[in-house]
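Because the structure is a prediction, the values reported are computed rather than measured. Each ligand, and each atom within it, is numbered from 1 in the order the structure gives.
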Amino acid sequence: MKLQIFTIFLAVALSDATNINHRHADIAKRQSSSSSSSSISSATATSASSVTTGATSTASSAVSGASGTTASGTSTTGPPASATWGTSFPPLSQISSGMPSEMTQPASTTYAAGSSPTYYSAASPLPSPFVYSAANWPAQDKVPDTSSSEVQEWLKELDGFDIPDIDQTVDGTCGSSPAAAQNASARGWWTCGGWTRDTDITVCPGKKGDWGLSFDDGPGFYSTKLFNWLSEKKILATFFTVGSRVIERPDVLREEYMAGHEISVHTWSHPHLTTLSNAQIVAELGWTRKAIKEVLGVTPTTMRPPYGDIDDRVRAICLAMGMVPIIWTRTPSGFSFDTFDWEIPGGTVSSNQSFAQFNAILGNASSLNDGFVVLQHDLFEQTVDMAIGYTLPAALSYNPPYNLLPIGQCNGIPYTNMYLESNVNTTFPYPSNSGTDVDGDGSGEAQSKSGSSSGSGSSNAGSRQISSTSSIGLLSMAAIAALWVAAF
Ligand SMILES: *[C@@H]1O[C@H](CO)[C@@H](O)[C@H](O)[C@H]1NC(C)=O
Ligand SMILES: *[C@@H]1O[C@H](CO)[C@@H](O)[C@H](O)[C@H]1NC(C)=O
Ligand SMILES: *[C@@H]1O[C@H](CO)[C@@H](O)[C@H](O)[C@H]1NC(C)=O
Ligand SMILES: *[C@@H]1O[C@H](CO)[C@@H](O)[C@H](O)[C@H]1NC(C)=O
């Protein structure tokens with residue numbers, strides 16, 4: 001039954017663009033009429049012309065919606081901006097798919113070209129403020145074309161690596177690809193059984209009580225609210241950012257980076273990476289890396305696969321391109337540290353259920369010897385309200401309290417090494433001659449394939465499959481994202 005609901009939802013989201021546009025025009029209207037503050041510059045009126053993001057623009061001034069299908073000439077906007085409401089949040093029972101939207105805030109500080117973060121030495125200065133030009137970027141929220149000169153150039157980064165010849169999965173779930181599912185452990189397929197390799201980051205090793213805090217899919221309309229709350233509490237996190245969002249809200253990303261949050265790659269269009277060809281994976285990672293570089297002047301050395309969907313082929317491509325995969329914690333019994341906050345906007349999980357899941361994570365975490373990594377999101381208002389109103393305060397008031405910090409930090413990776421330009425560790429992220437097992441075949445790259453093998457690296461041997469409901473539920477994320485993109 002759940003499958004049917006999701007399928008219908010997905011179908012509605014992806015096919016009935018007219019309805020979506022109407023629905024979201026309504027939402028936009030409601031939002032702007034409820035605003036007493038001045039509205040932001042139109043998110044939809046400029047499709048081809050560039051959106052300047054200098055000191056005068058707001059963080060919420062999005063570039064045109066997906067694939068340029070914007071209602072140009074209309075004066076509808078995204079949620080209106082206001083600097084007044086700070087970090088308030090509604091009662092838990094009111095956090096739902098139907099909750100009225102609050103106003104959004106722009107980034108509070110815009111940083112000039114040449115400013116440098118003060119928290120790590122050798123930081124690159126910020127480049128000139130990012131100027132979006134549709135001609136320079138692939139369509140948002142679609143797997144980018146692989147014939148572009150950029151992608152062809154990035155493909156050369158795979159030279160010298162033994163990228164395993166593993167067939168693509170149908171939709172990233174076990175159920176749709178039974179042959180692949182049977183071979184999930186040999187493929188190191190995380191989404192189908194939680195299989196990992198030694199090169200994956202999934203915990204805060206040896207640091208019981210450490211909480212690797214992460215927010216995926218931004219920068220979004222409500223990321224600034226989360227940012228403000230984290231700033232008040234002096235807590236830093238890792239943001240796994242989507243390229244299609246980065247080009248919309250570069251000021252929000254700059255503010256996160258300048259404050260010391262870690263910035264990592266989370267693909268261009270949020271697909272299940274095991275479903276894509278090698279070249280498509282390169283395109284997803286390459287365009288996001290380029291967007292972050294143009295906005296921040298740095299290139300992340302880490303990435304997170306959407307939905308955790310990674311296998312040895314995807315992993316080898318990520319590592320060959322200089323990005324270490326970071327997933328989230330899964331206990332040996334198969335309990336995934338996913339708060340399911342992302343299912344609240346679609347109405348498939350209630351805020352109470354998500355909070356209960358969160359409390360189960362807290363309980364399960366206390367029995368681990370390592371610190372752990374939890375999956376949360378900053379794309380939606382509901383997920384931000386859950387974090388700042390409920391889950392993070394619960395983590396801080398737990399007895400003993402958890403130590404919330406970015407994932408690189410809880411893995412002992414200094415800021416310098418989170419970015420290519422300042423990385424000083426020659427074996428991170430695993431160049432081809434490092435002797436590290438990049439392709440998951442059990443022996444180090446560019447070394448004798450004989451000799452002592454480090455084993456399969458399947459540290460989760462014996463773990464069970466993730467329940468199929470959660471895999472199916474993942475579809476709704478794409479649907480929700482599609483709705484949002486269509487809206488703004
Ligand atoms: C299982 O996966 C391994 C590693 O990718 C591969 O060598 C092997 O051919 C696969 N077997 C089947 C039956 O697909
Ligand atoms: C959610 O939990 C709160 C507090 O425990 C409770 O008052 C409320 O009735 C619950 N709502 C639903 C829909 O279960
Ligand atoms: C661990 O998580 C499970 C849900 O999978 C939950 O039933 C259980 O209560 C949790 N354990 C603790 C100690 O909280
Ligand atoms: C460099 O990176 C490798 C791979 O992550 C790690 O094992 C090693 O400890 C790092 N070295 C330093 C000095 O940080």
How would you list, by chain and number, the residues with a heavy atom under 4.0 angstrom from ligand 3? Phe335, Ala360, Gly363, Asn364
Going by the rule side-chain hydrogen bond (donor to acceptor under 3.5 Å, both in side chains), which residues pair with Asp145 if we only count those two or more places apart in sequence or in a different chain? Ser147
Less than 4.0 angstrom from a charged side-chain N to a carboxylate O is my criterion; do Arg315 and Asp312 meet it? yes
Quick one: does Thr331's side chain have a donor or acceptor within less than 3.5 Å of a partner on Phe335's backbone? yes
Separation between CD1 (Ile263) and OG1 (Thr299), nearest 0.5 Å, reads 13.0 Å
Those atoms of ligand 4 less than 4.0 Å from some heavy atom in Thr427: 1 (C), 2 (O), 3 (C), 4 (C)
So is Arg330 actually on top of Phe372's ring, under 6.0 Å and inside 45° of the axis? no
Has Glu256 got a side-chain atom pairing as donor or acceptor with His261's backbone, closer than 3.5 angstrom? no
For Ile166, the ligand 1 atoms whose distance to one of its heavy atoms is below 4.0 Å: 5 (O)
May I ask you to check whether Asn183 has an N/O atom sitting below 3.5 Å from an N/O atom of ligand 1? yes
Residue pair Trp190 / Thr196, side-chain donor-acceptor N/O under 3.5 Å: no
Given His270 and Asp217, is the side-chain hydrogen bond (donor to acceptor under 3.5 Å, both in side chains) satisfied, shown in steps? CA-CA 8 Å; His270 208 275; Asp217 301 351; 3.1 Å; yes
Which segment of Asn425 sits under 4.0 Å of ligand 4 when only heavy atoms are counted: side chain
